[in-house]
Amino acid sequence: MKFGYSPNIIRTFTPLPEPRLWFQNIDSQSITYFGSTNWTESYWKGLIYPLKTKSSDFLYHYSRFFDSIELNTTFYRIPSSEQVIKWKNSTPEGFIFCPKIPASISRSKLLGLNSQIWHDFAESMSFFEDQLGPCFMQLPEYFDTSRICQLQELMESNQIISPLMIELRHQSWFINTSTINELCIQLSQKQSGLVITDTAGRQDVIHMNITCPYLFIRFVSNGIPEYDELRLMNWCSTLEKLKDKGLKQIHFIFHHPNPHQMIACVKNMKKHHNVN
């Protein structure tokens, strides 16, 4: 992921801000899922795929190491029901798909409210059944606080898939706390939330507002192991604090330029959370 990627050496990473919960605590033990952004790359061979794995079996092996997937293919097109069922049947029970909202919605002026696209997307995703996790909408970097009305209209509609997680990128959202607070109140009422993106070059986007029992974290490495360790230690501490706060699912998604280092990061995180 190019957003916020910084190849420069950043010598310190301060502890994460304290999480701010906007939803009523429920009696629930959270489950933490670790994932990446694709299963199609051949660089997984010899790491988590056997060397002679056929491409048709990549997802099978991916889902035996990772617990979830940031499903980016849905950003470009809505898959057929047959394709969704095929993906689902390639994975074990408990594996979770987190689809990205199509660009035809997130890049449109009215966020898809003037079309059939939300209905078509929801119908397709329903074939994941109990393996469907939170869907997330990645708003473009130019989508600033002046467009909050568009988000409010979307949240008041009956078209969204709940829980819907929204990724904000424009810096105005993180400067004007009153505006993001207003949005958080509405999101909490709709059982939806905000993606938390931790990227070395844009530390301002780590807002730590949690408005529903689902947490979706996108961790973007700059490929420097010692800084990954510092940042992930911060997350381990924060996730430990959150484990009894009523969250149902925590999805920790790795964006990493080095697959070998990514696997090491995932194993360390799983060890910390006692995940096999």
Side-chain angles (χ1 to χ4, degrees), residues 15-37 63 66-71 91-101 125 128-138 151 155 160-168 173-174 177 180-199 205-220 231-255 265-276:
L16 296 169
E18 284 296 313
R20 185 177 183 184
L21 273 62
W22 295 80
F23 68 96
Q24 185 175 0
N25 196 339
I26 57 176
D27 185 15
S28 175
Q29 186 68 36
S30 64
I31 302 176
T32 302
Y33 300 84
F34 298 102
S36 184
T37 60
S63 63
F66 290 106
D67 316 297
S68 67
I69 179 76
E70 180 185 296
L71 192 60
T91 63
E93 183 179 351
F95 181 86
I96 301 296
F97 293 86
C98 300
K100 186 183 287 189
I101 299 296
M125 296 303 98
F128 280 124
E129 298 180 322
D130 59 350
Q131 289 183 233
L132 176 64
C135 299
F136 77 102
M137 182 168 66
Q138 183 185 86
L151 280 177
M155 299 311 299
I160 65 169
I161 302 175
S162 183
L164 174 68
M165 311 302 292
I166 299 170
E167 185 183 54
L168 303 170
W173 293 100
F174 312 107
T177 56
I180 200 170
N181 288 350
E182 181 182 346
L183 179 60
C184 284
I185 292 171
Q186 188 173 24
L187 289 171
S188 67
Q189 295 169 347
K190 299 297 181 179
Q191 290 290 292
S192 291
L194 295 173
V195 173
I196 297 177
T197 304
D198 182 351
T199 175
V205 301
I206 310 178
H207 54 81
M208 300 306 290
N209 288 291
I210 305 174
T211 63
C212 71
Y214 295 84
L215 179 56
F216 195 84
I217 302 157
R218 307 180 82 210
F219 180 88
V220 185
R231 294 164 64 198
L232 291 173
M233 284 175 59
N234 284 339
W235 274 110
C236 286
S237 175
T238 295
L239 294 181
E240 183 68 21
K241 295 177 184 177
L242 290 171
K243 69 179 183 180
D244 60 352
K245 299 299 184 181
L247 291 168
K248 293 180 179 179
Q249 294 181 10
I250 298 172
H251 292 272
F252 200 96
I253 306 297
F254 286 86
H255 292 250
C265 289
V266 175
K267 287 181 177 179
N268 286 337
M269 291 290 281
K270 284 186 173 185
K271 181 179 179 180
H272 183 273
H273 289 275
N274 297 315
V275 177
N276 296 322

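Within a 6.0 Å sphere centred on CD of Glu93, heavy atoms belonging to other residues, nucleotides or ligands number 12 at most. Atom CE of Met233 sits in a sparse spot, with 12 or fewer heavy atoms from other residues, nucleotides or ligands closer than 6.0 Å.
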Thr91 and Phe128: CA distance, side-chain angles, deciding distance, side chain to side chain contact (heavy atoms under 4.5 Å, CB included) verdict:
CA-CA 11 Å; Thr91 63; Phe128 280 124; over 6 Å; no
Would Leu151 and Leu168 count as a side chain to side chain contact (heavy atoms under 4.5 Å, CB included) here? Give the steps.
CA-CA 11 Å; Leu151 280 177; Leu168 303 170; 4.2 Å; yes
Tell me, with the steps shown, if Gln138 and Ile101 meet side chain to side chain contact (heavy atoms under 4.5 Å, CB included).
CA-CA 7 Å; Gln138 183 185 86; Ile101 299 296; over 6 Å; no
Please report the C-alpha distance between Leu242 and Leu21 in whole Å, then the side-chain angles of each, then the deciding distance to 0.1 Å, and finally whether the side chain to side chain contact (heavy atoms under 4.5 Å, CB included) criterion is met.
CA-CA 10 Å; Leu242 290 171; Leu21 273 62; 4.0 Å; yes
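Residues satisfying the side chain to side chain contact (heavy atoms under 4.5 Å, CB included) criterion with Thr211, sequence neighbours excluded, are Trp22, Cys184, Leu187, Ser188. Every residue meeting the side chain to side chain contact (heavy atoms under 4.5 Å, CB included) condition with Pro15, not counting sequence neighbours, appears here in chain and number order: Asn234.
Within the 4.5 Å cutoff, side-chain heavy atoms of Ile180 are placed close to those of Asn209. Residues Leu132 and Pro99 have side chains in contact (heavy-atom distance under 4.5 Å, counting atoms from C-beta outward). Within the 4.5 Å cutoff, the side chain of Lys248 has no heavy atoms near those of the Cys212 side chain. In this structure the side chain of His272 never reaches within 4.5 angstrom of the side chain of Thr32, judged on heavy atoms. Counting heavy atoms from C-beta on, the side chains of Thr199 and His255 never come closer than 4.5 Å. The shortest side-chain heavy-atom distance between Ser162 and Ser192 falls under the 4.5 Å cut-off. Taking 4.5 Å as the limit, every side-chain heavy atom of Asp67 sits out of range of all side-chain heavy atoms of Ile96. Taking the side chain as every heavy atom from C-beta outward, Cys98 and Glu70 never approach each other to under 4.5 Å.
Between Ser30 and Ile250, the closest heavy-atom pair is OG-CD1, 4.0 Å. Thr37 and Ile69 get closest at one heavy-atom pair: C-CD1, 3.6 Å.
Using cut-offs of 30° and 60° for the angle between ring planes, the Phe252 and Trp235 rings count as perpendicular. Classification of the Phe216-His251 ring pair by plane angle, with boundaries at 30° and 60°, yields tilted.
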